[in-house]
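Just below is one structure, and these are the notes that go with it.
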Amino acid sequence: MAGYIVRRLLQAIPVLLGTTFLIYFMVFAMPGDPIVALFGDKTPPPQVIEQLRERYHLDQPFIVQYFIFLGNIFRGDLGTSFSGQPVSEILAATFPVTLRLALLAIFFEMVAGISVGLISGLRKGGIFDASALVVSLILISLPIFVIAFVAQYIFGIQLGWFRTTVGSGAPTQDLILPALVLATISFAQITRLTRASVIDTDTQDFVRTAASKGLPRTRIVPVHILRNSLIPVVTYLAVDFGVLMVGATVTEGIFNVPGVGRTLYQAIIRGEGPTVVSFVTVMVLIYLVVNLLVDLLYAVLDPRIRYAK
């Protein structure tokens with residue numbers, strides 16, 4: 001197991017380097033001068049522009065800029081935004097909000113999706129199964145901003161169950177509605193994945209053997225069917241967690257969530273290269289760690305999986 005973890009960590013190094021290089025290239029190769037853009041319609045003195053260029057190493061060749069950035073990352077320095085605020089402070093203020101939002105969404109979609117998918121798979125061809133497939137297909141077809149606006153109108157304005165926008169400090173109760181909106185699309189995917197996996201597992205020999213030994217269905221379903229059906233679902237949840245951490249921009253914008261997605265979008269609009277690159281680098285690290293943990297979880301879900309020494 002230890003050898004497997006070391007190999008995966010070594011494999012993550014070129015992934016991290018390649019990703020950061022591509023992101024850095026795409027951000028800083030964009031046309032326009034981000035320093036001049038900071039001043040808007042005003043024309044700053046040339047001395048000020050030169051000082052800012054030197055401060056942010058924009059006077060250096062691209063490859064030199066990249067290696068300076070990389071060295072700072074390995075020292076734990078995420079850099080400074082063009083507004084003068086350390087990127088680490090911006091991340092510290094926004095990351096916990098998005099993390100809570102993502103965990104809530106993962107919880108909702110996991111509980112609902114696995115439950116509905118399991119029942120659909122065990123009752124294949126029934127009314128519940130057909131209804132679940134139709135609902136999941138509708139949810140997959142709807143854009144996320146449509147679901148968000150409808151949820152705001154129904155649950156926020158008409159019923160008054162939730163606030164339509166997230167308040168100061170982003171309290172957890174204000175994050176429930178945007179988390180439910182984020183969970184709708186993934187709920188549909190998890191439902192279909194769980195259903196297909198349950199149907200396939202239910203026909204395996206080890207399930208028939210368990211039934212022939214006289215084990216009750218109440219034990220066969222959770223221990224033999226559900227446990228072995230969760231591997232594709234867990235894989236999807238790991239990918240979805242990474243997507244939620246950086247891809248909730250639309251939902252965070254609609255609900256005014258002060259999280260990573262909205263901050264990253266604003267940084268892109270303003271041409272805040274250091275903020276964009278540092279945020280994406282941290283998200284890539286989180287994504288790699290989550291996928292490693294999921295790979296290790298496979299052996300827990302399916303005892304047949306073992307990691308070679």
Subject >> Arg192 vs Leu133 side-chain heavy atoms within contact, under 4.5 Å >> reply: yes
Subject >> Within-4.5 Å side-chain heavy-atom neighbours: Asp240 and Glu109 >> reply: yes
Subject >> Closest non-hydrogen atom pair, Ser186 against Tyr236 >> reply: OG-OH, 3.5 Å
**OP:** Fit a plane to each ring of Phe21 and Tyr66, take the angle between them on a 0 to 90° scale, and name the class: parallel (under 30°), tilted (30 to 60°) or perpendicular (over 60°).
**Re:** perpendicular
**OP:** Report yes or no: do Leu180 and Leu139 belong to one cluster of Ile/Leu/Val/Met/Phe/Trp/Tyr joined by side chain heavy-atom distances under 4.5 Å?
**Re:** no
Subject >> Verify same cluster id: Phe128, Val198 (apolar side-chain graph, 4.5 Å) >> reply: no
Subject >> Enclosure of Ile127 CD1 (heavy-atom neighbours >12, cutoff 6.0 Å) >> reply: no
**OP:** Please report the shortest heavy-atom distance between Ser278 and Val87, naming the atom on each side.
**Re:** CB-CG1, 3.7 Å
**OP:** Determine, stepwise, if the pair Ile154 / Trp161 fulfils side chain to side chain contact (heavy atoms under 4.5 Å, CB included).
**Re:** CA-CA 9 Å; Ile154 294 177; Trp161 292 354; over 6 Å; no
Subject >> Ile286 reachable from Leu17 in the ILVMFWY side-chain graph, under 4.5 Å edges >> reply: yes
Subject >> Residues Thr94 and Thr263: side-chain donor-acceptor under 3.5 angstrom >> reply: no
Original post:
Taking C-beta and beyond as the side chain, do Ile185 and Ile147 meet within less than 4.5 Å on heavy atoms?
Top reply: yes
Subject >> Electrostatic pair Lys124-Asp200, nearest N-O below 4.0 angstrom >> reply: no
Original post:
Can you name the nearest heavy-atom pair linking Ile140 to Ala188, along with the distance?
Top reply: CG1-CB, 3.5 Å
Original post:
Is there side-chain contact between Val257 and Leu175, with heavy atoms separated by less than 4.5 Å?
Top reply: yes
Subject >> Worked verdict on Leu182 versus Phe108 for side chain to side chain contact (heavy atoms under 4.5 Å, CB included) >> reply: CA-CA 9 Å; Leu182 283 173; Phe108 291 145; over 6 Å; no
Subject >> Rounded distance [0.5 Å steps], OG1 in Thr251 versus CD1 in Ile144 >> reply: 4.5 Å
Subject >> Arg163 CZ to Ile176 CD1 distance, which is reported to the nearest 0.5 Å >> reply: 13.0 Å
Subject >> Side-chain heavy atoms of Arg262 within contact of Phe255, under 4.5 Å >> reply: no
Subject >> Heavy-atom donor-acceptor pair, Ser120 side chain to Gly117 backbone, under 3.5 Å >> reply: no
**OP:** Compare all side-chain heavy atoms of Leu264 with those of Met283 and state whether any distance is below 4.5 angstrom.
**Re:** no
**OP:** Would you indicate whether the side-chain heavy atoms of Ile114 and Ile190 approach each other to under 4.5 Å?
**Re:** yes
**OP:** Would you check, one step at a time, whether the test salt bridge (Lys or Arg N to Asp or Glu O under 4.0 Å) holds for Arg123 with Asp202?
**Re:** CA-CA 11 Å; Arg123 300 180 179 180; Asp202 199 17; over 6 Å; no
Original post:
Counting only heavy atoms not in Arg208, do more than 12 fall under 6.0 Å of its CZ?
Top reply: yes
**OP:** Under the side chain to side chain contact (heavy atoms under 4.5 Å, CB included) rule, what do Thr281 and Ile23 come out as? Steps first, then yes or no, please.
**Re:** CA-CA 8 Å; Thr281 300; Ile23 295 298; over 6 Å; no
Original post:
Does Leu137 belong to the same Ile/Leu/Val/Met/Phe/Trp/Tyr cluster as Val135, with side-chain heavy atoms less than 4.5 Å apart forming each link?
Top reply: no
**OP:** Check for a donor-acceptor pair, side chain of Thr184 on one end and backbone N or O of Val181 on the other, with a separation under 3.5 Å.
**Re:** yes
**OP:** Apply side chain to side chain donor-acceptor pair (under 3.5 Å) to the pair Ser136 and Thr191, showing each step before the final yes or no.
**Re:** CA-CA 7 Å; Ser136 63; Thr191 297; over 6 Å; no
**OP:** Write down the atom of Pro232, the atom of Ser197, and the distance for their closest heavy-atom approach.
**Re:** CG-OG, 3.8 Å
**OP:** Starting at CG of Leu122, measure out to CD1 of Ile199 and round the result to the nearest 0.5 Å.
**Re:** 9.0 Å
Subject >> Residue pair Thr98 / Val260: nearest heavy atoms and the distance that separates them >> reply: OG1-N, 2.6 Å
Original post:
According to a 4.5 Å side-chain heavy-atom criterion applied to Ile, Leu, Val, Met, Phe, Trp and Tyr, with indirect links allowed, do Leu99 and Val280 form part of one hydrophobic cluster?
Top reply: yes
Original post:
CZ of Phe187 to OG of Ser115: how many Å apart, nearest 0.5 Å?
Top reply: 9.0 Å
Original post:
Are the side chains of Val284 and Thr20 in touch, meaning some heavy atoms are under 4.5 Å apart?
Top reply: no
**OP:** Please round to the nearest 0.5 Å and tell me the distance separating atom CG of Leu103 and atom CE of Met110.
**Re:** 10.0 Å
Original post:
Above 12 or not: heavy atoms from other molecules or residues under 6.0 Å from CZ of Phe107?
Top reply: no
**OP:** Please report the C-alpha distance between Glu252 and Leu101 in whole Å, then the side-chain angles of each, then the deciding distance to 0.1 Å, and finally whether the side chain to side chain contact (heavy atoms under 4.5 Å, CB included) criterion is met.
**Re:** CA-CA 9 Å; Glu252 288 188 356; Leu101 179 63; 4.0 Å; yes
